[in-house]
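Each ligand, and each atom within it, is numbered from 1 in the order the structure gives.
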Amino acid sequence: MIKQNIIGFFDSGVGGTSIWKEMIQILPHENTIYLADSINAPYGKKTREEIILLSEKNTEFLLNKGCKMIVVACNTATTNAISHLREKYKIPFIGIEPAIKPAALHTKTNNVGILATQGTLSSELFAITSQEFASNIDVCEQEGKGLVELIESNQLESNDMQNLLVKYLEPMQKANIDYLILGCTHYSYLIPQIKEIIGNKVTIIDSGFAVSKQIKKILEKNKGLNSQNRQGNYQFYSNKNIEIIHSLLAEIPFELEIKQEQF
Ligand code: DGL
């Protein structure tokens, strides 16, 4: 039985707030603490050992705040560290990894694209999933080098962003992809820009909603849903610039506590 009533989230920065936004839609009574380890972003360039150490640090911060469950709201940390976290700590962990399976099942052109970090694309978990579900199709893998840094510095609409996206997506279009998997939680914030480039014929797969449903399912299974009837309490901690969190969550109509703190 899960006792405390806070769900913890962590990411290398602000990307995982895209999952948090989905989650509060379907679980509005849950209290959450979100940790943005922006000072250490991007995780995608780090070694597996470094990603594990950072994930442990984030987990322990959230456990000290009394979290009952942790959402690893980062593909890079999930694919490199979640099995280690599950072995080491006793609470449930929910992760996010590139949605290869639905893309492989539905593609008509037999070509799908994936945009993810180097840390995710080179992980063992990604290799196993690709082998299991996508061995009969062509997967155009592209590292989104530089995208996380531009998002973290609030340059979503910049020319640099536009140029990088065109550079990464045009080869995929030439390869005739019909599905594009977003394998990094930060990239959800680029969906409008990506659509402008690839048009409506390519379906974008973003796993935020699926992860939120999984959070609900595990809480129900563990009888851990919060029984309060009021809107949840939402806290955010960043060890760098909190302006970007304010900006990305500007449309949220609830009270948010957003703090800068070293961790
Ligand atoms: N949001 C992280 C992910 O989903 C970004 C990784 C990074 O910091 O490079 O992979």
Side-chain angles (χ1 to χ4, degrees), residues 8-23 34-59 62 70-85 93-100 113-127 129-130 141-156 161 164-165 168 180-191 194 204-212 214-215 236-241 244-245 247-249 263:
F9 286 71
F10 76 80
D11 179 32
S12 62
V14 296
T17 57
S18 56
I19 301 181
W20 175 85
K21 280 187 190 177
E22 297 275 6
M23 195 218 73
Y34 182 98
L35 202 58
D37 191 16
S38 297
I39 213 157
N40 290 305
Y43 280 12
K45 284 277 167 217
K46 297 193 189 303
T47 63
R48 180 168 182 267
E49 289 67 32
E50 288 170 322
I51 297 167
I52 287 175
L53 283 176
L54 291 167
S55 299
E56 284 185 352
K57 166 188 71 80
N58 298 335
T59 297
L62 292 167
I70 292 182
V71 181
V72 182
C74 172
N75 291 258
T76 314
T78 299
T79 51
N80 285 277
I82 202 164
S83 53
H84 172 88
L85 297 175
F93 286 87
I94 309 288
I96 179 161
E97 53 182 304
I100 289 266
I114 169 159
L115 194 59
T117 69
Q118 189 196 325
T120 293
L121 294 173
S122 62
S123 68
E124 202 187 328
L125 189 57
F126 179 70
T129 317
S130 302
E141 292 178 17
Q142 175 63 55
E143 179 194 345
K145 199 173 172 188
L147 300 178
V148 166
E149 291 89 328
L150 287 175
I151 295 166
E152 287 288 321
S153 56
N154 211 355
Q155 297 184 63
L156 283 85
M161 180 65 84
L164 281 184
L165 287 174
Y168 298 155
L180 171 64
I181 304 154
L182 298 186
C184 170
T185 52
H186 280 76
Y187 304 163
S188 305
Y189 284 107
L190 301 175
I191 289 175
I194 291 174
I204 298 173
I205 306 192
D206 171 37
S207 314
F209 183 61
V211 172
S212 301
Q214 181 66 2
I215 297 170
F236 294 81
Y237 290 88
S238 168
N239 51 16
K240 210 173 170 191
N241 184 356
I244 176 70
I245 300 185
S247 159
L248 294 177
L249 303 182
F263 51 83

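By the 30° and 60° cut-offs, the orientation of the rings of Phe236 relative to Tyr34 is tilted.
In this structure, atom 10 (O) of ligand 1 lies nearest to the protein heavy atom Thr76 OG1, 2.6 Å. For atom 7 (C) of ligand 1, the closest non-hydrogen atom of the protein is Tyr43 N, 3.1 Å. Atom 9 (O) of ligand 1 has Gly44 N, 2.8 Å as its closest protein atom, hydrogens excluded (heavy atom only).
When the shell of 6.0 Å around CD of Gln155 is examined, it contains more than 12 heavy atoms from other residues, nucleotides or ligands. Heavy-atom contacts from other residues, nucleotides or ligands closer than 6.0 Å to CZ of Phe209 number 12 or fewer.
Listed by atom number, the atoms of ligand 1 under 4.0 Å from Cys184 heavy atoms are 1 (N), 2 (C), 3 (C), 4 (O), 5 (C), 10 (O). Listed by number with element, the atoms of ligand 1 under 4.0 Å from a non-hydrogen atom of Asp11 are 1 (N), 2 (C). Residue Pro42 approaches ligand 1 through these ligand atoms, each under 4.0 Å from one of its heavy atoms: 7 (C), 8 (O), 9 (O). Contact atoms of ligand 1 toward Thr117: 6 (C), 9 (O), 10 (O) (distance under 4.0 Å to a heavy atom of the residue). Shown in contact with Ser12 at under 4.0 Å from a heavy atom are these atoms of ligand 1, numbered in order with element: 2 (C), 5 (C), 6 (C), 7 (C), 8 (O).
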(request) Begin from the C-alpha positions of Glu143 and Lys45 and carry the test salt bridge (Lys or Arg N to Asp or Glu O under 4.0 Å) through to its verdict. (result) CA-CA 10 Å; Glu143 179 194 345; Lys45 284 277 167 217; 3.0 Å; yes
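Between Thr78 and Glu97, the side chains place no donor N or O within less than 3.5 Å of an acceptor N or O (distance only, hydrogens not considered). Looking at Tyr43 and Ser55, their side chains never bring a donor and an acceptor atom within 3.5 Å of each other.
Put simply, the residue from Ile96, Ile94, Asn58, Leu85 that forms a side chain to side chain contact (heavy atoms under 4.5 Å, CB included) with Val72 is Leu85.
Not a single heavy atom of Gly15 sits closer than 4.0 Å to an atom of ligand 1.
Residue Thr120 places no N or O, backbone or side chain, under 3.5 Å from any N or O of ligand 1.
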